[in-house]
S.K.: 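Quick one: this structure, given as structure tokens, is what I'll be asking you about.
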Amino acid sequence: MTDTPILHVDMDAFYASVALRERPDLVDEPVVVGGSGRGVVLAANYVARHYGIRSALPMTRVRRLCPHVVVLAPDYATFTSVSASVMETFREVTPVVEAMSLDEAFLDVRGSTRRLGPPRQIAEQLRSTIHDEQGITCSVGVAASVSVAKLASRRAKPDGVVVVPPAEVTSFLHPLDVGELYGVGEKTQALLHRFGLLTVGDVAHTPLRTLQRAVGAHLGRELHHLAWGTDRSELVPRAGDHEPERSMGADETFARDTDDREFVVRELLRLSAKVGGRMRAAGVAGRTITLKVRFADFTTITRSRTMPEATDVTVEIHRTVTRLYDALGLQRARLRLVGVRVEGLVPRDTVHHQLVLGEPERGWPEADRAVDRATRRFGSAAVRPGSLM
DNA sequence: TCTGGGGTCCTAGGACCC
DNA sequence: TCTGGGGTCCTAGGACCC
């Protein structure tokens, strides 16, 4: 038995590390994986971080911080396959693996210590296996609860292990800035700082009611638990990919801001087709359709409509978001992004579409299926809705 | 030429029903 | 009966995470 059964394993600079396997000549150079133009950094290696480069930083600022930075394009197919191999390695240690994303998972090793030794030893063994098999490094946090393990893996980075025994939880947590806590982002951090709560210890010693008045009932209770390390220790085993999604969406930032309605409507068709295709591939349909619009000044609004019946039909999604868009009555407003999302997803076979005599919808689901078949055979570039040609 | 794209969850107000 | 409370759905916005 062990009093620190939770491991949080986090790949170091995952996308960058994977990309550098193909380019060993660049390992000592500042390297980021990211988009072009208006994109942001997806991952930066530790050399690049030396220049102040971080994930989510706009590429324009990256080039200013470090003009000779090497930018590599993301290769998601490779990231996904490396991730699958790593997750397989985790499952050789324990069946209780909760994947959080491609590069991060929690492991419950309660049932593995007799076979594999204490958690620290398991962590080191995992790190060396992953390094040998995948050529990338990772860091591991070990603790009694999920959030302490996650904070410990952050402390362990890069390429290390940190174990936080129960007796050391408060001395580990309380000096940290409140912004380190899961669920505390830029806004909440600033809010807490304004209340004079700078460290996790400050939060821990604030009466629950006071905390809840400041940040809301739910987050207040949550933060109190996180500050004392009394969050959950039971994992939800899941693969990370094939779990039922509650919503599916797609959005795109334009290369240039636009006020051209025809262009926007065409983009909405492309996004609707993308979302509809993914829904049909997953066998789900949804009732609530949401349009997202981001203006040139970055203000963002959404408009949604809930339909009487769930749909997965591209044309219905597109017609709905186009109506929502037109109802905004925009004239000269310059847009930088539009998005389409379908929520309230249910398995497609639970939807009983009422056939209305003479309804013009008939034929569209069949058209979608034909598009889906052609896409599977020839790839998405081969099949486009008519007006995208 | 500041600020991606995929998501989740929470809050709050109003409608509507009992 | 002029005053109500609870529950659910819908909409919009916002914060957060990877």
Side-chain angles (χ1 to χ4, degrees), chain A residues 8 10-11 13-15 32-44 53-65 67 71 73-74 76 79-80 83 98-106 146-147 150 153-154 178-192 212 215-223 226 236 238 240-241 243-257 271 274-275 278 282 286-308 324 327-328 336-345:
Chain A
H8 180 253
D10 200 346
M11 303 300 128
F14 181 59
Y15 292 177
V32 303
V33 173
S36 52
R38 299 173 117 173
V40 299
V41 174
L42 296 171
I53 296 171
R54 296 281 180 277
S55 283
L57 207 64
M59 292 304 295
T60 49
R61 283 188 58 196
V62 168
R63 296 192 187 281
R64 241 176 290 144
L65 284 169
V71 180
Y76 290 102
F79 299 154
T80 303
S83 173
E98 181 174 332
M100 299 301 288
S101 65
L102 285 184
D103 74 326
E104 185 189 333
F106 292 101
V146 157
S147 92
K150 188 163 165 65
S153 75
R154 194 179 295 168
V178 289
E180 300 279 321
L181 294 178
Y182 191 88
V184 177
E186 207 181 336
K187 306 284 181 173
T188 307
Q189 182 187 33
L191 182 65
L192 291 169
Q212 289 179 313
V215 301
H218 187 93
L219 187 57
R221 177 166 298 282
E222 188 72 21
L223 293 187
L226 295 177
V236 183
R238 57 176 183 205
D241 40 1
E243 51 200 295
E245 266 129 335
R246 296 171 190 277
S247 72
M248 285 191 189
D251 49 44
E252 177 154 72
T253 298
F254 307 136
R256 285 189 202 80
D257 298 342
L271 295 168
K274 189 171 170 184
V275 173
R278 279 168 50 205
R287 283 178 60 213
T288 303
I289 298 176
T290 303
L291 165 75
K292 176 157 84 172
V293 171
R294 176 167 293 153
F295 298 99
D297 68 357
F298 219 73
T299 58
T300 307
I301 61 171
T302 61
R303 292 293 180 270
S304 65
R305 175 164 147 67
T306 299
M307 327 280 278
L324 291 167
L328 290 173
R336 75 174 276 137
L337 166 148
V338 290
V340 175
R341 178 163 295 276
V342 181
E343 298 167 69
L345 301 186

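Below, chains carry the letters A, B, ... as their sequence lines are ordered, and counting in each starts from 1.
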S.K.: Starting from the 5' end of DNA chain B, give me the residue, A/Arg256 or A/Asp251, whose nearest nucleotide shows up first.
M.R.: A/Arg256

S.K.: Starting at the 5' end of DNA chain C, write a dot or bracket for each base, bracketing those in Watson-Crick or G-U wobble pairs whose two distances are under 3.5 Å and using | for partners on another strand.
M.R.: ....||||||||||||||

S.K.: Quick one: label A/Leu191 by what it contacts on the DNA or RNA (base, sugar-phosphate, nothing), any heavy atom closer than 4.0 Å.
M.R.: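 Touches nothing.
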
S.K.: For side-chain contact (heavy atoms from CB on, under 4.5 Å), just list the numbers for A/Leu328 and A/Leu291, CA-CA rounded to whole Å, side-chain angles, deciding distance to a tenth of an Å, and then say yes or no.
M.R.: CA-CA 11 Å; A/Leu328 290 173; A/Leu291 165 75; 4.2 Å; yes

S.K.: So A/Met59 and A/Val41, side-chain contact (heavy atoms from CB on, under 4.5 Å) or not? Walk me through it.
M.R.: CA-CA 6 Å; A/Met59 292 304 295; A/Val41 174; 3.9 Å; yes

S.K.: NA contact type, A/Gly339, heavy-atom cut-off 4.0 Å: base, sugar-phosphate, or nothing?
M.R.: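 Nothing, no nucleic acid heavy atom in range.
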
S.K.: Just call it for A/Leu57: base, sugar-phosphate, or nothing, with non-hydrogen atoms closer than 4.0 Å on any strand.
M.R.: nothing

S.K.: How long is the gap from OG1 on A/Thr288 to CG on A/Leu345, to the nearest 0.5 Å?
M.R.: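 Answer for the OG1-CG pair, A/Thr288 versus A/Leu345, is 9.5 Å.
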
S.K.: Within the structure shown, what part of the strands sits under 4.0 Å from A/Val41 by heavy-atom distance: base, sugar-phosphate, or nothing?
M.R.: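 Result for A/Val41 = nothing.
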
S.K.: Can you check the A/Arg64 CZ to B/dC2 C1' distance for me, whole Å?
M.R.: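 One finds 7 Å between C1' of B/dC2 and CZ of A/Arg64, rounded.
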
S.K.: Supply the atom-to-atom distance A/Thr302 OG1 to A/Arg294 CZ, rounded to the nearest 0.5 angstrom.
M.R.: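 Rounded to the nearest 0.5 Å, the OG1-CZ separation comes to 11.5 Å.
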
S.K.: What is the nucleic acid contact for A/Thr188, judged by heavy atoms within less than 4.0 Å: base, sugar-phosphate only, or nothing?
M.R.: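 Touches sugar-phosphate only.
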
S.K.: Nearest 0.5 Å, what's the CE-CD distance between A/Met100 and A/Glu98?
M.R.: 5.5 Å

S.K.: Whole Å only: how far is the CG atom of A/Asp257 from the P atom of B/dT3?
M.R.: 9 Å

S.K.: Nucleotide by nucleotide, 5' to 3', does protein get under 4.0 Å of the base (B), only the sugar-phosphate (S), or neither (-) in nucleotides 8-17 of chain B, counting heavy atoms?
M.R.: SSSS------

S.K.: Restricting both atoms to N or O, compile the protein contacts to nucleotides 5-7 of chain C shorter than 3.5 Å, with distance only.
M.R.:
none

S.K.: Is there a side-chain contact between A/Val342 and A/Met248, using heavy atoms and a 4.5 Å cut-off?
M.R.: no

S.K.: Could you work out, with salt bridge (Lys or Arg N to Asp or Glu O under 4.0 Å) as the rule, every residue matching A/Glu104, not counting sequence neighbours?
M.R.: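 Salt bridge (Lys or Arg N to Asp or Glu O under 4.0 Å) list for A/Glu104, sorted by chain: A/Lys150.
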
S.K.: Syn or anti for B/dC2, taking syn as within 90° of 0?
M.R.: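 That one's syn.
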
S.K.: Determine yes or no for a side-chain-to-main-chain donor-acceptor pair under 3.5 angstrom, with A/Arg336 supplying the side chain and A/Phe298 the backbone.
M.R.: no

S.K.: Hey, what do you get for CD (A/Glu245) to CD (A/Glu343), rounding to the nearest 0.5 Å?
M.R.: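 One finds 13.0 Å between CD of A/Glu245 and CD of A/Glu343.
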
S.K.: How do A/Glu104 and A/Met307 order along DNA chain C: which one's closest nucleotide is nearer the 5' end?
M.R.: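 Here A/Met307 is the residue nearer the 5' end.
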
S.K.: Checking all strands, does A/Gly35 fall into the base, sugar-phosphate, or nothing category for heavy-atom contacts under 4.0 angstrom?
M.R.: nothing

S.K.: Looking only at atom C1', what distance separates B/dG4 and C/dC16, rounded to whole Å?
M.R.: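 Nearest-Å result for B/dG4 against C/dC16 at atom C1': 16 Å.
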
S.K.: CZ of A/Arg341 to CG of A/Asp251: how many Å apart, nearest 0.5 Å?
M.R.: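 Output value for this atom pair is 7.0 Å.
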
S.K.: Does a nitrogen or oxygen in the side chain of A/Arg336 sit under 4.0 Å from OP1 or OP2 of B/dG4?
M.R.: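 Answer yes for this pair, as a side-chain N or O of A/Arg336 is under 4.0 Å from OP1 or OP2.
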
S.K.: With side-chain contact (heavy atoms from CB on, under 4.5 Å) as the criterion, how do A/Leu192 and A/Leu223 come out once you've worked through the C-alpha distance, each side chain's angles and the decisive distance to 0.1 Å?
M.R.: CA-CA 11 Å; A/Leu192 291 169; A/Leu223 293 187; 4.1 Å; yes

S.K.: So A/Val62 and A/Val71, side-chain contact (heavy atoms from CB on, under 4.5 Å) or not? Walk me through it.
M.R.: CA-CA 10 Å; A/Val62 168; A/Val71 180; 5.6 Å; no

S.K.: Near DNA chain C, under 4.0 Å by heavy atom, which residues of residues 291-303 of chain A?
M.R.: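 The stretch gives A/Ile301, A/Thr302, A/Arg303 as the residues lying under 4.0 Å from the strand, ordered by number.
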
S.K.: Kindly state each residue pair satisfying salt bridge (Lys or Arg N to Asp or Glu O under 4.0 Å) with at least one member in residues 55-65 of chain A, sequence neighbours excluded.
M.R.: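 Residue pairs with at least one partner in residues 55-65 of chain A: there are none.
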
S.K.: Classify the ring geometry between A/Tyr15 and A/Phe79 as parallel (under 30°), tilted (30 to 60°) or perpendicular (over 60°).
M.R.: parallel

